[in-house]
Amino acid sequence: MDQGSIARILKQVSGGEDEIQQLQKALLDYLDENTETDASLVFSRKFYVAQWFRDTTMETEKAIKSQKDEDSSEGTHHAKDVETTGQIMHRAESRKKFLRSIIKTAPSQFSTLKMNSDTVDYEDACLIVRYLASMRPFAQSFDIYLTQ
């Protein structure tokens, strides 16, 4: 991955959200800009929003399950684990809130949500997609699957 380009995109994209959310917003803005030239981008945009919402939900469920498993197996409660689970839950809720606001936005309002039309071009959008895909659990465990 070209971390320099990712850092450049993050600098261009304004917002106080976390890194992943900023990249998601930049990609959605790129897709919104180009829906007039390619109608399939409307489907791509909806797919990404749905997939990211699902990923966030799965991350939350996994955190809750791991917390319950640790509580039942050890019998004691670790403050550090609770804090980490709390942080995951807070981050997941903020991502869900962001995605819900995107879902509720009517297509005619997309243009008002755009930050900068020059922020992301085709190559940057491809890089963002590859970067976000590398953050998914399957991509992170791909070497394990190949080894098995």
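Scope of the values below: all heavy atoms of this structure, side chains included, with no hydrogens, waters or symmetry mates.
Atom-to-atom distance recorded for Lys65:NZ and Met58:CE is 9.5 Å, nearest 0.5 angstrom. Here Ser134 contributes atom OG and Leu132 contributes atom CG; the two are 7.5 Å apart, rounded to the nearest 0.5 Å. Rounded to the nearest 0.5 Å, atoms CD (Gln22) and CD1 (Ile128) are 10.5 Å apart. If you take CD1 on Ile102 and CZ on Arg45, they are separated by 5.5 Å, rounding to the nearest 0.5 Å. Between the CD atom in Gln51 and the CG atom in Leu99 there is a gap of 11.0 Å [rounded to 0.5 Å].
Asn34 and Thr37 get closest at one heavy-atom pair: O-OG1, 2.9 Å. The two atoms that bring Val120 and Ala125 nearest to each other are CG1-N, 3.5 Å, heavy atoms only. Considering every non-hydrogen atom in both Asp121 and Tyr30, the closest pair reads C-CE1, 3.8 Å. For the residue pair Phe98 and Leu28, the shortest heavy atom distance occurs at CZ-CD1, 4.4 Å. Summarising the geometry of Ser44 relative to Leu31, their closest heavy-atom pair is C-CD1, 4.3 Å, with the distance given to 0.1 Å.
Electrostatic pairing of Arg95 and Asp18 counts as a salt bridge here, judged by a charged N lying under 4.0 Å from a carboxylate O.
Linking ILVMFWY residues whenever their side-chain heavy atoms come closer than 4.5 Å, directly or via other members, leaves Phe53 and Ile64 in distinct clusters. Linking ILVMFWY side-chain heavy atoms closer than 4.5 Å, directly or via other members, places Ile9 and Tyr48 in a single hydrophobic cluster.
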